[in-house]
There are 2 protein chains.
Amino acid sequence: MKKSITLKELSKILKVSISTVSKALNDSYEISEITKKRVREAAKEYNYKPNRTAMNLKSGRVNTIGVILPSLKNFFLARVLRGIENVIAKTDYNIIISITNESHEKEVQSVLSLANGFVEAIIIAVSEETQVLQDYSHLENVKDKVHLLMFDRVVNTIPCDKVLVDDYDAVLNAVKELQFNGRKNIALTSTINNLSVGKLRIKGYTDAINEYHKPIIIEGTVEVIKKALREKLKEESIDAIIALDEEASLASFKVGKKEKLLDNGKISLIGYAGKTISENLTPSLTTINQHGKKIGRTAAKMILNKLKNENEKPEEIIIKSTLYNRETTRIKE
Amino acid sequence: MKKSITLKELSKILKVSISTVSKALNDSYEISEITKKRVREAAKEYNYKPNRTAMNLKSGRVNTIGVILPSLKNFFLARVLRGIENVIAKTDYNIIISITNESHEKEVQSVLSLANGFVEAIIIAVSEETQVLQDYSHLENVKDKVHLLMFDRVVNTIPCDKVLVDDYDAVLNAVKELQFNGRKNIALTSTINNLSVGKLRIKGYTDAINEYHKPIIIEGTVEVIKKALREKLKEESIDAIIALDEEASLASFKVGKKEKLLDNGKISLIGYAGKTISENLTPSLTTINQHGKKIGRTAAKMILNKLKNENEKPEEIIIKSTLYNRETTRIKE
DNA sequence: TTGAAAGCGGTACCAT
DNA sequence: ATGGTACCGCTTTCAA
């Protein structure tokens, strides 16, 4: 690959000093118009572009923000990323993205590597494994070197910017709405029992059903949920399901569909899932919308603000979820 | 933010020269074991980490690959990205991602900026606007500075690595399959008439139906497609639809569903859409799978190979699509 | 108005 | 075995 021409080479061609060329290109008042013109023309002719690495080294900045995500499969995280991208694209910062695939090891590696001169700030949703292991030393390690912002799955013990989802309230309210609509025996399905957000959501559920009936909680992989749910539907008189994530939502949907309980409204279903899929299912799926894009935008703005005003103290913002009522809660028996 | 300690500072603390510290940390044979030990311990104590920017400047390399995508909404592109990530994660390269939102201007900016010292290679699917304008000068510009790989939407006139989809064949075969199953009047819907891949797919369609009936091509936005399709369904005796992208697929699906033509197999439907949504629709959607992840993996491997062997000549690989038969082509009248 | 030189944080060659 | 120094490409201060 051809390398770009450097200031030095350009200065040799023009038979002036390096500093003259540099100043001319930066439109310094010290340089005569005539020289500036000569230099600019030569720069154009030889397609001179300043070397980023050199400028970064000189300035001590890299103008880059790291985004560490557990997965891109997850529609919510993908939307958050788009929100972040949206805001950052308008600035002179760049984004570098790392996907951990829910692996703690990969996350540690990414965090340390990015924090080490690659980026000035990190926006992260920690991986499932990290939350299980509760090992946050890598984040502790870097929190003085780069600005840190956690969203969705956060670590409470680390003081830093946070953008949170109102998991507890969202599920509590969703369940209450089911109850308000006459549902008396509500089951819960989840594949994210390991996540902090999953736990908060379950708390919302148990608190909501508290005085009415005993909890029916079905956690595990998609297959486990399908099997267990099918059985529970036979044993107990379940008339509604709340699903805590997309996988659980679709698993519950499939079972409900197969057992012929959804199309006729014998059970209601509220889930977490992307808009496209929720709208296109038959019946369409009522969901709790976390406003991923807004979360991303908020996170990006917060971190830009910290980058600008070095000494501001950590903030914490909660983005409220919204219930999107669709057919799975609208069909009456 | 606290800055990392530098070699210089460390050398001052240890009262040895900078070069000694550098060599010790790099385990040079020139340094005595005892000094190495001292240095290593101090490095650990002060949490010394070499400055990436400095090393990059010194080595003239940045170990980063840029990925430029038109959108992340697109399930196919998201999967390609995961494929790329998958392969690159196993190397010491980093990925920097830029989303153009189908804008030519953003693409030009991204390409030039990334090529200018940010990355050593660029993997790109050009934006819709770029294909409409047919302005590829930014790519011409950088193709000697960084390794370039285009996938999916490629520019034929630029010689560089390419990973292609067999758009023409895939649609041709899909239509033939519909015909083999007795479908006699096949319509086509598409929101990607601006894209090279969209055009190739239409060619596949027209060549397939060629001798049998005149083409019924419905192009435009989702709303346009819905309206036009509804009308065409009334006028003409359409018994099958092929949709060229996810939006067109879902629009066609919705119309077919509403007109009660899908559940009873009065029309067949083949589309392009992600696995999750296709499987969960009722009836489930037969799709042409482009194997996005494989495309991503292939692209990443190709570019890594070029990075390793500077002088290899450009390659071109075609990844064959596969028809996934689901209910929209299985239900018989 | 121009240029020399120091410095950003490393590596590596050459002396000592 | 250790240290001095040049260099990567740029900016910036200071001197001419």
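Heavy atoms only: backbone and side chains are in, while hydrogens, waters and symmetry mates are out. Fair warning: this is a prediction, and the values are worked out from it, not measured in the lab. We name chains A, B, ... by the order of the sequence lines, and we start the count at 1 in each one.
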With 3.5 Å as the limit, what N/O pairs link the protein to nucleotides 12-16 of chain C?
unit_1 : atom_1 : unit_2  : atom_2 : d
C/dC13 : N4     : B/Lys23 : NZ     : 3.2

Can a donor-acceptor pair be found, under 3.5 Å and without considering hydrogens, that links the side chain of [X] to the backbone of [Y]?
X        : Y        : answer
A/Asn116 : A/Phe118 : no
A/Gln131 : A/Ser196 : yes
A/Lys293 : A/Arg82  : no

Reference residue A/Asp161; test salt bridge (charged side-chain N to carboxylate O under 4.0 Å, His left out); the match among A/Lys306, A/Lys143, A/Lys313: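 Going through the options one by one, the only one that passes is A/Lys306.
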Rounding to a whole Å, what distance do you find between [X]:[atom1] and [N]:[atom2]?
X       : N      : atom1 : atom2 : value
B/Lys8  : C/dG7  : NZ    : P     : 6 Å
A/Asp27 : C/dT2  : CG    : P     : 13 Å
A/Ile31 : C/dT1  : CD1   : P     : 8 Å
A/Lys15 : C/dA4  : NZ    : C1'   : 19 Å
B/Leu7  : C/dC8  : CG    : P     : 13 Å
A/Lys36 : C/dT1  : NZ    : P     : 9 Å
B/Arg61 : C/dT11 : CZ    : C1'   : 15 Å
B/Ile5  : C/dG9  : CD1   : P     : 11 Å

- prompt: In this structure, are over 12 heavy atoms from other groups packed under 6.0 Å from B/Leu133 atom CG?
  reply: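 Check passes, neighbour count above 12.
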task: Sequence neighbours left out, what pairs pass ring pair (Phe, Tyr, Trp, His ring centres under 6.0 Å) with at least one residue falling in residues 55-104 of chain A?
output: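 Qualifying pairs, neighbours excluded: A/His104-A/His138.
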Using distance only, find each side-chain donor-acceptor pair of residues 145-153 of chain A under 3.5 Å and give its atom names and separation, not counting sequence neighbours.
unit_1   : atom_1 : unit_2   : atom_2 : d
A/Lys145 : NZ     : B/Ser4   : OG     : 2.8
A/His147 : NE2    : A/Glu310 : OE1    : 3.3
A/Arg153 : NH1    : A/Glu102 : OE1    : 2.8
A/Arg153 : NH1    : A/Glu102 : OE2    : 3.3
A/Arg153 : NH1    : A/Val126 : O      : 3.1
A/Arg153 : NH2    : A/Glu102 : OE2    : 3.1

- prompt: With a non-hydrogen cut-off below 4.0 angstrom, is B/Lys49 in contact with a base, only sugar-phosphate, or nothing?
  reply: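 The residue B/Lys49 makes sugar-phosphate contact but no base contact.
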field: SB check B/Lys36 B/Glu33 (cutoff 4.0 Å)
entry: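 A salt bridge is present here (some side-chain N lies under 4.0 Å from a carboxylate O).
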query: With respect to B/Glu107, which candidate in B/Thr100, B/Thr130, B/Asn101 satisfies the side-chain hydrogen bond (donor to acceptor under 3.5 Å, both in side chains) definition?
result: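 It is B/Thr130; the other options fail the test.
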task: Report the end-to-end axis angle of the helix from C/dT1-D/dA16 to C/dT16-D/dA1; each axis comes from five terminal pairs, and the value is rounded to 10°.
output: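 The helix from C/dT1-D/dA16 to C/dT16-D/dA1 shows an end-to-end axis angle of 60°.
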- prompt: If you take all heavy atoms of A/Gln290 and A/Ile319, which pair is closest and at what distance?
  reply: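 A/Gln290 and A/Ile319 have their closest heavy atoms at O-CG2, 4.2 Å.
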With A/Thr35 via side chain to side chain donor-acceptor pair (under 3.5 Å) - residues at least two apart: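 A/Ser32.
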- prompt: Starting at the 5' end of DNA chain D, which residue's closest nucleotide do you reach first, B/Tyr29 or B/Ser59?
  reply: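 Whichever sits nearer the 5' end wins; that is B/Tyr29.
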query: Which nucleotide of DNA chain D is the first, and which the last, in the 5' to 3' direction, to come under 4.0 Å of a heavy atom belonging to chain B?
result: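 Range of nucleotides touched by chain B: D/dA1 to D/dG9.
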